[in-house]
Amino acid sequence: MKTEFLKIDPEDFSEEALDLPARLIAGGKLVAFPTETVYGLGASALDDAAVKRIYEAKGRPSFNPLIIHIASPGEADRYAVTDGRYRALAEAFMPGPLTVVMPYRGGVAPSVTAGLSTIAVRCPVHPVARALIRRAGVPIAAPSANLSGKPSTTTADHVLHDLGGKIPCIIDGGPASVGLESTIVKLSPDGENLLLRPGGITLEMLRGVLGEVAVSDAVLHPPAPGARPESPGMLLKHYAPDAPLYLVRSDKREKVDLFLKKAAQDRENAVLCFAGSVPPAPNVYYLGNAEKEEEEAKNLFALLRLSDRDGIRRIYAPLPDAAGIGLALQNRMLRAAAFRIKEI
Ligand code: TXA
Ligand code: MG
């Protein structure tokens with residue numbers, strides 16, 4: 001299949017420029033599109049055959065449900081049973097990098113929810129994503145636009161690498177500004193609020209609006225054998241480079257830096273680290289400034305893809321602190337490393 005590559009300047013475009021991808025979506029085809037978190041692989045959430053194509057293109061197991069993307073927060077009421085907590089979250093953080101799981105009311109194709117009694121809803125803030133949803137005239141079901149198990153895509157080139165030839169259209173709207181997938185919070189009818197996946201909207205920010213928010217065990221721990229986690233996706237291998245990633249932890253930052261410096265001397269190792277901690281070398285990749293975790297978040301997936309090249313047999317990175325967006329970083333890195341931690 002020929003993949004149309006459509007460049008759109010998110011700061012200066014007319015909605016007509018999205019005619020082709022909007023018609024593809026409305027006609028049951030797949031389109032990869034930019035969002036502020038990561039690129040999405042979209043299909044009409046109302047068309048079961050189209051949604052099934054998403055699972056096929058990614059190689060995604062059919063038990064793993066999809067998020068629906070809406071153009072304005074109020075549209076959630078059509079598909080989900082919302083309450084005051086949703087309205088408070090919408091007021092504070094939407095449109096933006098937040099997904100809310102609520103009881104499912106009905107109205108979308110069966111493959112979207114994969115048989116669950118809940119539905120995940122998100123209103124992205126990226127102008128191209130919102131314009132595409134509006135113009136297509138349907139809610140868009142979309143997972144991250146990567147092959148299942150690989151790091152999520154934060155540029156259109158990464159999407160082309162994973163899905164080129166398999167889908168009819170990729171919209172290039174520049175690199176994602178957050179770089180990690182949306183925060184997912186589940187609002188249960190009994191009043192419980194549960195963080196299923198940390199992201200750009202931090203736990204601290206959620207607690208500021210909702211009060212109590214529990215953190216799902218799956219956020220920082222591997223699933224227990226036979227467990228059925230709240231988010232089916234947590235069972236799966238994620239973000240995994242071909243070379244194994246090891247996370248380095250110590251009570252002292254200097255010890256971690258020293259370990260990484262030594263590791264970098266072996267050219268079969270790749271090292272992901274903070275600027276200034278290890279001297280530049282072809283196998284050293286800088287996540288950003290240690291004080292700016294947002295930068296680190298933005299770069300992580302791209303660096304995982306870059307460092308995963310021929311001749312590299314191991315990848316080392318420091319385990320980040322778990323405060324603020326650090327919790328999201330830690331969650332993604334633990335999964336990318338299959339929970340391998342090197343204590344020094
Ligand atoms: O930032 C994002 O959320 C991106 C962009 C494209 O919007 N999308 C994304 O989708 O990350 P995906 O499919 O890669 O991750 C969605 C996660 C999966 O782990 C899935 O299991 C979980 O959300 N999920 C979806 N519906 C759910 C539900 N009803 N209850 C619990 N978890 C759900
Ligand atoms: Mg994903």
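Just so you know, ligand 1 is whichever comes first in the structure, and atom 1 is the first atom listed for that ligand.
At a 4.0 Å heavy-atom cut-off, ligand 1 touches Thr118 through backbone and side chain alike. Counting heavy atoms closer than 4.0 Å to ligand 1, residue Thr113 contributes nothing at all. Contact annotation: for Leu41 versus ligand 1, there are no heavy atoms closer than 4.0 Å.
Under the side-chain contact (heavy atoms from CB on, under 4.5 Å) criterion, Ser188 pairs with Lys186, Asp190, Glu192, sequence neighbours left out.
Backbone and side-chain nitrogen or oxygen atoms of Ser144 are examined, and one is located within less than 3.5 angstrom of a nitrogen or oxygen of ligand 1. For a threshold of 3.5 Å applied to N or O pairs, the pair formed by Arg122 and ligand 1 contains at least one separation below that value. Geometrically, ligand 1 and Ser231 share a nitrogen or oxygen pair separated by less than 3.5 Å.
At a threshold of 4.0 Å, the pair Asp257-Lys261 does not count as salt-bridged, since none of the basic side-chain nitrogens sits closer than that to a carboxylate oxygen. The existence of a salt bridge linking Glu212 and Arg207 is excluded, since no basic side-chain nitrogen approaches an acidic carboxylate oxygen closer than 4.0 Å. Look at Asp47 and Lys52 and you find no salt bridge, because none of the NZ, NE, NH1 or NH2 atoms lies under 4.0 Å from a carboxylate O. Under a 4.0 Å N-O distance rule, the pair Glu36/Arg122 qualifies as a salt bridge. The pair Asp162-Lys166 does not count as a salt bridge, with every side-chain nitrogen at least 4.0 angstrom from each carboxylate oxygen.
A 4.5 Å side-chain heavy-atom check between Phe13 and Val128 finds at least one atom pair inside the cut-off. Residues Cys123 and His69 fail the side-chain proximity criterion, which asks for heavy atoms closer than 4.5 Å. Considering only heavy atoms from C-beta on, Phe259 comes within 4.5 Å of Lys342 through its side chain.
Neighbouring protein atoms of the Mg ion (ligand 2) (N, O or S, distance under 2.8 Å, waters ignored): Ser144 OG.
Numbered from 1 in the order shown, with element, the atoms of ligand 1 that lie under 4.0 Å from a heavy atom of Ser182 read 1 (O), 2 (C), 3 (O). Numbered from 1 in the order shown, with element, the atoms of ligand 1 that lie under 4.0 Å from a heavy atom of Leu116 read 28 (C), 29 (N), 30 (N). Taking a cut-off of under 4.0 Å to the non-hydrogen atoms of Ile184, the atoms of ligand 1 that pass are 17 (C), 23 (O). For ligand 1, the atoms sitting less than 4.0 Å from at least one non-hydrogen atom of Pro65 are 20 (C), 21 (O), 24 (N), 25 (C), 26 (N), 27 (C), 33 (C), numbered in the order shown with element in parentheses. Taking every heavy atom of Val38 and a limit of under 4.0 angstrom, the matching atoms of ligand 1 come to 4 (C). Taking every non-hydrogen atom of Leu196 and a distance limit under 4.0 Å, the qualifying atoms of ligand 1 come out as 31 (C).
With respect to atom 15 (O) of ligand 1, the closest heavy atom belonging to the protein is Arg197 NH1, 3.1 Å. Protein heavy atom closest to atom 13 (O) of ligand 1, with residue, atom name and distance, is Arg60 NH2, 2.9 Å. Taking atom 31 (C) of ligand 1 as the reference point, the nearest protein heavy-atom neighbour is Glu230 O, 3.4 Å. Closest to atom 6 (C) of ligand 1 among all protein heavy atoms lies Gly40 CA, 3.5 Å. Among protein heavy atoms, atom 18 (C) of ligand 1 sits closest to Asn64 OD1, 3.8 Å. Remark: minimum distance from atom 19 (O) of ligand 1 to any protein heavy atom is reached at Gly233 CA, 3.5 Å.
Side chain of Asp308 to main chain of Ala243: a donor-acceptor pair is present (N/O by atom type, distance under 3.5 Å, no hydrogens or angles).
A cation-pi contact, defined as under 6.0 Å to the ring centre and within 45° of the axis, links Arg340 to Tyr246.
When the options Lys186, Met102, Glu181, His69 are ranked by their closest heavy atom to atom 7 (O) of ligand 1, first place goes to His69. The heavy atom nearest to atom 10 (O) of ligand 1, considering only Pro61, Ala145, Pro143, Cys123, is found in Pro143.
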Only pairs under 3.5 Å count here: list side-chain donor-acceptor contacts from residues 290-298, not counting sequence neighbours, and write none if there are none.
residue : atom : partner : partner atom : Å
Glu295  : OE1  : Asn289  : N            : 3.3

Please set out all donor-acceptor pairs under 3.5 angstrom arising from side-chain atoms of residues 27-34, sequence neighbours excluded.
none

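Residue Glu91 qualifies as open at atom CD: its count of foreign heavy atoms under 6.0 Å is 12 or below. Other residues, nucleotides and ligands place more than 12 heavy atoms under 6.0 Å from the CZ atom of Arg267.
In summary, the side chains of Asp48 and Ser111 do present a donor paired with an acceptor at a separation below 3.5 Å, with no hydrogens or angles considered.
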